[in-house]
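A short worksheet on the structure shown next.
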Amino acid sequence: MIRFIRVTKEYASGAAIEDVSLDIGKGEFVFLTGHSGSGKTTTLKLIHLSERPTDGEVRVAGFSSIRTTPRDLWKLRRKVGLVFQDFRLLPGRTAMENVGFALEVTGSPPKAITPKAQRLLSQVGLASKSERPVEQLSGGERQRVAIARALATEPLVLLADEPTGNLDERATRGVMDLIWEINALGMAVVMATHDLELVRRYASARVMELDQGRLVYDSSGVDRAVTHTT
Amino acid sequence: MIRFIRVTKEYASGAAIEDVSLDIGKGEFVFLTGHSGSGKTTTLKLIHLSERPTDGEVRVAGFSSIRTTPRDLWKLRRKVGLVFQDFRLLPGRTAMENVGFALEVTGSPPKAITPKAQRLLSQVGLASKSERPVEQLSGGERQRVAIARALATEPLVLLADEPTGNLDERATRGVMDLIWEINALGMAVVMATHDLELVRRYASARVMELDQGRLVYDSSGVDRAVTHTT
Amino acid sequence: MQSPTLREALAALRRAPLLTGLSAGMVALALFVAGLFGTVTHNLQVALQSVEDRVAVVAYLDDGAGPAPIDRAVADLEARDDVREVRYVSQDRALEIARAELPELAELGAGLAENPFPASLEIVLQDGGADPDAIAVVAQAAAAIPIVEDVQYGQEWVDRLHALRRLTGVAVMVIGAAFAVVGALIIGTAIRIAIFARRDEIYIMRLVGAKDAFIRRPFLLEGAFTGVVGGAAATGLTWLTYQTLHRFLEDLSWIPSTWVVGGIAAGGFFGMLASAVAVRRHLREV
Amino acid sequence: MQSPTLREALAALRRAPLLTGLSAGMVALALFVAGLFGTVTHNLQVALQSVEDRVAVVAYLDDGAGPAPIDRAVADLEARDDVREVRYVSQDRALEIARAELPELAELGAGLAENPFPASLEIVLQDGGADPDAIAVVAQAAAAIPIVEDVQYGQEWVDRLHALRRLTGVAVMVIGAAFAVVGALIIGTAIRIAIFARRDEIYIMRLVGAKDAFIRRPFLLEGAFTGVVGGAAATGLTWLTYQTLHRFLEDLSWIPSTWVVGGIAAGGFFGMLASAVAVRRHLREV
Ligand SMILES: Nc1ncnc2c1ncn2[C@@H]1O[C@H](COP(=O)(O)OP(=O)(O)OP(=O)(O)O)[C@@H](O)[C@H]1O
Ligand SMILES: Nc1ncnc2c1ncn2[C@@H]1O[C@H](COP(=O)(O)OP(=O)(O)OP(=O)(O)O)[C@@H](O)[C@H]1O
Ligand SMILES: [Mg+2]
Ligand SMILES: [Mg+2]
């Protein structure tokens, strides 16, 4: 599903990712941990090709960082759900519209859009606020809208950057359970987080740790087999 | 220092804060907790008067929400340091410039600005990245720039909205120690957080809990005396 | 739900009415300038035409020519395709005209033993006849008539008019082109700024998996809308200016309505085009 | 560190050169239109002036007037404050002129027993003398000279010229005002959009405790800068257009340099003012 082949990403200021190779299979659940600035966000950006590696190759759902042209990026993006560290919702639109937009863009039948978006928003606990412009939502509420949007298109891979950074324990549990459930149905998940508590709680997930751009730990070691338990 | 007198804040969609009275003294350290959407951010906004109460009165450092005109807001703002849930750094500028800007605005002598900003950035662990435009910083790095900026002007009150939401354990400890230290010198701190771990660790701080806009718990109870231990 | 394109365009209008309004206003102003220029050009054309209409070949007649041969000469000349009208000017009338046009001649008059002005035929050519060659042909035909003593056709005037036509032609083209470029740049700029203000949004749309065409379409619609609204407003402004001027300059005439319709349509088309260019460029940059 | 105002303004330019460039470009275009209008207005003035210069009172002399009284009459009239020049036109010269101006008279000539045109004095008035009343005074003075038989001053022409002056005055004012408003709106709009694109920044500055004046100053500087750069660019564009037209219209003259300097200064001042208005409004809204 996701494969990094000796990937390096250099910024003007230095390498954010250095010589990382990894392989994430269909339906795997991976926690990406590491200190602030270790390269978690950069790794996720490389996966959905909003950054291209300066060296090496990234392959995701059949798309290669070497061959995919900017014109074709949308095809990849429809297979990848994104939750950003800074939410990135469309301003001036309601929670509903933000989720609906992702569905529309990916060509859902117009009739199915509203009920589906509504269902997702209920699942993240925002049913009552679905008609609220996102500017009028609290930080945690926005984050949940972002999660609902990412899940809306039933992606093959979910990339989530600190999706629980603004959530309290209850909301975190709700969101995690939802993602865990969908993951069980076959969606791969890569979640960047520094909440070690969370990592410990979902102990059956695979854990990768980055340090200064290098992959320093991978719980599945040499053996890449997936053990998924609910 | 901070006093809410039966404060209510109604939005079109309902009350975000309802009939809250509180009193925070000089040099107090307060954790503001509560579920997502319970009104933590709104409370902080009311304190620095970027929102005005629809009912009741907010008094902060000698300024009243009833009498302070928009023209005079800057005077209040210079006494209040702010760390936002979404950072709110000035785009296109370096970490250094962001911190320096706050100092400049508040009338620091030009010569003192650079060394002071540099010192603050070192304290949050960003010495080596001070000349980097903030767009090129990771989430946690941005958050620390925001914290350095808020502390730069030596405010009477520090308002911090989930200041550790994007920080790993190590960075969290660094930042908390810094804030705790400055608090010991007399700066009041109101920190909204849902990290109960953090609240437990700094057990000597006062804790207030909001639920659906109401103040449902205050650890200092009737007795408003401050017990500060390091 | 309505069509996504329409909805997005409306959403943009709803979210940033100021921005859309300002863009439309800017386009209106640019097109207003074009409208004023159009009015000037149109009136220049009208004025030139009326001067051209006065271009005539004058055939001076023998002093002794009788009414019958004169009538025949008139009829012969009027039968020609390239002649619109032939006017007979008697000796007396010629003197009168001369007196009115040259103050010095007012002194003349009864004092003269004999009227020194000959009778003449003024031959007005068909439209577009100000071409020197066409005039020469008519002049030759007139000279061939026996009672015609001499033919004059204001060589100097014809040449001058021709020069004027060329000149105004060039001026209209140069200034018109300048205005067109200005208008184009203003519309393009307004839309680039509108897009600039919405760059985050475009970026998010791409991340969510929107095709470029999907992102582009609402902007095109918005551009066309802006152009049409701007064009209509420009027409209104031009009309107001025209009305104000008309009070003082009664000769002023309103531009042909085809120009108005064409202008508004061009505004719409152009707004769309400018949007397309701006979005394409922006999408390439992100 | 440099002055915060200058640094902030430069920072804006550095961070969003596109936006600043576009604003300056828009201002340049607006002022370019003003420049073209200025060129037209200026040349209209020049043309009117040259027509006015031709307004003269003509005093027809007795046929028998000798050289001495004529010289005295010329000297007397030239001594007047409101007279610029007096030209003597002999009988022969009058006939020559008449022949050149009226083709019909070409037929005359040797055939005439006696030259029917009287000699005359053409009295050219001082600048601004086209006022009908002023002309009447000079005409009376001329009529009082014994050898003067009659005085003419093209009543019709003077009236027409007066009407034309009034007309162009109105037209220049109306169209000029329209252009000024257009320019003002474009500059204001460009700067409002620039501010709109930076609203987050302004908001953050306020939260950090910046005084309104502190926030406003860089925008004012930026506005002034935009205005001056726009004005200079507009001058360049106008000059290019002028050069192009000049090749065909040799009579065209370049606008006075005071206008150019004034225009650029006005652009700067105006850019600043527009910024001030836009920022003030924006700060009130936030
Ligand atoms: N656009 C950029 N230009 C230059 N350097 C960058 C850019 N984006 C990130 N970096 C640097 O690359 C390193 C890795 O950044 P990244 O955002 O991947 O960290 P992270 O692991 O997500 O950290 P955090 O937990 O703080 O979000 C950091 O040192 C950061 O400063
Ligand atoms: N501008 C607004 N307009 C309308 N409703 C708002 C607005 N801002 C906040 N709200 C609502 O007020 C309530 C309290 O919001 P607030 O941002 O204070 O929550 P919070 O405690 O900070 O939550 P979180 O932990 O998720 O950041 C929420 O229900 C939110 O939807
Ligand atoms: Mg990150
Ligand atoms: Mg909040």
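The sequence lines fix the lettering, A, B, ..., with proteins before strands; numbering per chain opens at 1.
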- Most chain A-contacting option - heavy-atom pairs closer than 4.5 Å, from B/R144, B/Q136, B/K40, B/K129: B/R144

- Establish, from distance only, whether the side-chain atoms of A/T193 and A/D195 form a donor-acceptor pair under 3.5 Å. no

- Would you say the side chain of B/L156 lies within less than 4.5 Å of the side chain of B/M187, judging by non-hydrogen atoms? no

- Note on the structure: Whatever's closer than 4.5 Å to a heavy atom in chain A on B/L196 counts as side chain

- Given that the side chain runs from C-beta out, which part of B/E141 has a heavy atom under 4.5 Å from chain A: side chain, backbone, both or neither? both

- Do you know which of B/E197, B/E162, B/H194 has the most heavy-atom pairs under 4.5 Å to chain A? B/H194

- Message: Within the 4.5 Å heavy-atom criterion, are A/K79 and A/P155 side-chain neighbours or not?
- Response: no

- Sort B/T42 into side chain, backbone, both or neither according to what part of it lies under 4.5 angstrom from a heavy atom of chain A. neither

- Item | NZ or CZ of B/R93 within 45° of B/F101 ring axis and under 6.0 Å | yes

- Task: Answer yes if the side chains of A/T41 and A/Q85 hold a donor-acceptor pair under 3.5 Å, and no otherwise.
- Result: yes

- Given that the side chain runs from C-beta out, which part of A/S36 has a heavy atom under 4.5 Å from chain B: side chain, backbone, both or neither? both

- Item | Side chains of A/R206 and A/S219, donor plus acceptor under 3.5 Å | no

- Between A/S13, A/A16, A/A171, which shows the greatest number of heavy-atom pairs under 4.5 Å with chain B? A/S13

